[in-house]
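Notes follow the structure.
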Amino acid sequence: MYAVVVKFGSVLEALSLILIQTWQEAAIMQYQAADKNRFFSNVFNTYAWFLSIVVISVSFFARIFYSVIIGPAYQESVVYVYPLLAASMIIALKLYYDVLYQCCKATHRQLHGLLVATAISLPGNYFFTRWWGLYGVVATLNVVYLTLVIFRAVETRRYVRVSISKSGIMAFIMLVVSGVVFYLPLSKSMMVVYLVAVYAVAIAACPEFIKQFVAEKLNLKTNRQ
């Protein structure tokens with residue numbers, strides 16, 4: 001069951017790794033800039049906003065088409081899709097903070113967070129798996145990486161102050177709400193309606209600099225015409 005579901009998370013992790021490697025050089029260059037806090041905050045909020053849309057989209061489309069893309073013997077594994085994708089998003093956010101350590105040339109400080117994560121992971125996997133089975137594995141994964149992200153977010157504030165904007169807050173709210181909706185006994189048509197509503201909210205909560213960029217492009221196109 002786990003081997004089947006984890007493939008969905010692997011896709012998101014691969015995508016996030018590509019995105020991180022793409023902006024890594026720009027991050028190192030911007031670290032010396034006077035407005036580095038604004039730059040890194042904009043990237044984080046846009047990153048979280050984008051990842052939340054991916055997690056919600058992949059989860060609900062997977063649930064809609066699960067009977068088609070997954071064999072009959074593994075249909076019960078659909079209940080693990082959303083929390084595993086959420087864990088993959090948290091891992092992706094961890095990668096973001098890994099880049100901050102590289103920018104400030106303090107990669108050795110990553111060990112502190114890893115020790116904390118290990119201290120939680122070992123007893124968590126042992127007890128939660130015995131109590132809840134595969135749910136325990138998924139729960140431990142989310143708790144461990146969320147703790148690691150929070151730890152690194154606090155620690156890296158000595159180097160860069162990353163602020164969460166309204167778009168970032170809305171992204172996390174959409175994730176929590178969608179996590180509840182995912183387990184409701186909805187029809188496929190209702191899930192599509194919910195996705196449309198999520199996209200509408202996501203567009204409204206789009207980071208401001210993206211809205212400005214799109215508006216500039218549209219104005220430029222209008223002027224050319």
Side-chain angles (χ1 to χ4, degrees), residues 1-23 42-71 74-97 134-135 137-139 141-143 145-146 149 164-214 217:
M1 291 289 182
Y2 186 83
V4 171
V5 182
V6 77
K7 296 183 185 300
F8 292 97
S10 299
V11 174
L12 180 59
E13 290 174 29
L15 175 62
S16 63
L17 188 60
I18 294 172
L19 293 175
I20 288 296
Q21 290 178 341
T22 301
W23 84 284
N42 285 339
V43 172
F44 177 84
N45 287 292
T46 304
Y47 189 46
W49 174 79
F50 172 74
L51 289 176
S52 66
I53 296 174
V54 174
V55 169
I56 296 170
S57 299
V58 174
S59 298
F60 278 85
F61 278 115
R63 184 180 168 187
I64 293 171
F65 298 106
Y66 214 68
S67 60
V68 178
I69 60 179
I70 302 298
Y74 302 99
Q75 290 298 305
E76 294 180 4
S77 63
V78 67
V79 296
Y80 306 113
V81 171
Y82 195 90
L84 269 175
L85 278 169
S88 296
M89 176 177 172
I90 298 173
I91 294 173
L93 295 177
K94 181 195 77 71
L95 293 175
Y96 169 87
Y97 285 104
L134 189 51
Y135 275 115
V137 176
V138 177
L141 190 65
N142 277 275
V143 170
Y145 279 105
L146 183 58
V149 167
I164 301 179
S165 66
K166 293 181 180 179
S167 59
I169 294 174
M170 184 57 66
F172 294 124
I173 291 176
M174 289 192 301
L175 280 172
V176 173
V177 173
S178 297
V180 175
V181 175
F182 183 82
Y183 290 98
L184 296 179
L186 301 177
S187 63
K188 293 183 178 180
S189 59
M190 288 301 297
M191 284 188 281
V192 172
V193 171
Y194 176 76
L195 280 176
V196 173
V198 167
Y199 295 148
V201 173
I203 292 173
C206 178
E208 288 299 325
F209 81 95
I210 294 182
K211 293 179 180 178
Q212 294 174 4
F213 176 78
V214 173
K217 291 294 183 180

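Position 1 is the first residue of the sequence, and the numbers go up from there.
- For the residue pair A202 and I53, the shortest heavy atom distance occurs at CB-CD1, 3.8 Å.
- Crowding of Y145 atom OH: a count of heavy atoms from other residues, nucleotides or ligands under 6.0 Å not exceeding 12.
- Y66 places a side-chain heavy atom less than 4.5 Å from the side chain of V81.
- Across every non-hydrogen atom of P83 and N142, the tightest pair is O-ND2, 3.2 Å.
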Side-chain donor-acceptor distances from residues 166-181 under 3.5 Å, at least two apart:
| unit_1 | atom_1 | unit_2 | atom_2 | d |
| --- | --- | --- | --- | --- |
| S167 | OG | S165 | OG | 2.8 |
| S178 | OG | M174 | O | 2.7 |
| S178 | OG | Y194 | OH | 2.7 |

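- Residues F50 and L15 form a side-chain contact, since some pair of their non-hydrogen atoms from C-beta on lies under 4.5 Å apart.
- Here L84 contributes atom CG and I91 contributes atom CD1; the two are 9.0 Å apart, rounded to the nearest 0.5 Å.
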### Message
Evaluate S16 against Y96 for side chain to side chain donor-acceptor pair (under 3.5 Å), listing each step before the verdict.
### Response
CA-CA 9 Å; S16 63; Y96 169 87; over 6 Å; no
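- Residues V149 and K94 approach most closely at CG2-N, 3.8 Å, considering heavy atoms.
- V58 has its side chain out of reach of V11: every pair of non-hydrogen atoms, C-beta onward, lies at least 4.5 Å apart.
- When all heavy atoms of I90 and L146 are compared, the pair lying nearest together is CG2-N, 3.5 Å.
- Aromatic ring orientation, F44 versus Y97: tilted (interplanar angle from 30° to 60°).
- Between S88 and L12 the shortest heavy-atom distance is CB-CD2, 3.8 Å.
- The CG atom of L95 sits 5.5 Å away from atom OH of Y47, with the distance rounded to the nearest 0.5 Å.
- Counting only heavy atoms from C-beta outward, the side chains of I56 and Y82 approach each other to under 4.5 Å.
- At distances below 3.5 Å, not a single donor-acceptor pair connects side-chain atoms of S57 with backbone N or O atoms of V54.
- The 12-atom threshold is exceeded at CD of Q75, counting heavy atoms of other residues, nucleotides or ligands nearer than 6.0 Å.
- Of all heavy-atom pairs between K188 and S67, the closest is NZ-OG, 4.3 Å.
- In terms of the ring-ring contact (aromatic ring centres under 6.0 Å, His included) criterion, residue partners of Y135 (sequence neighbours excluded) are, by chain and number, Y80.
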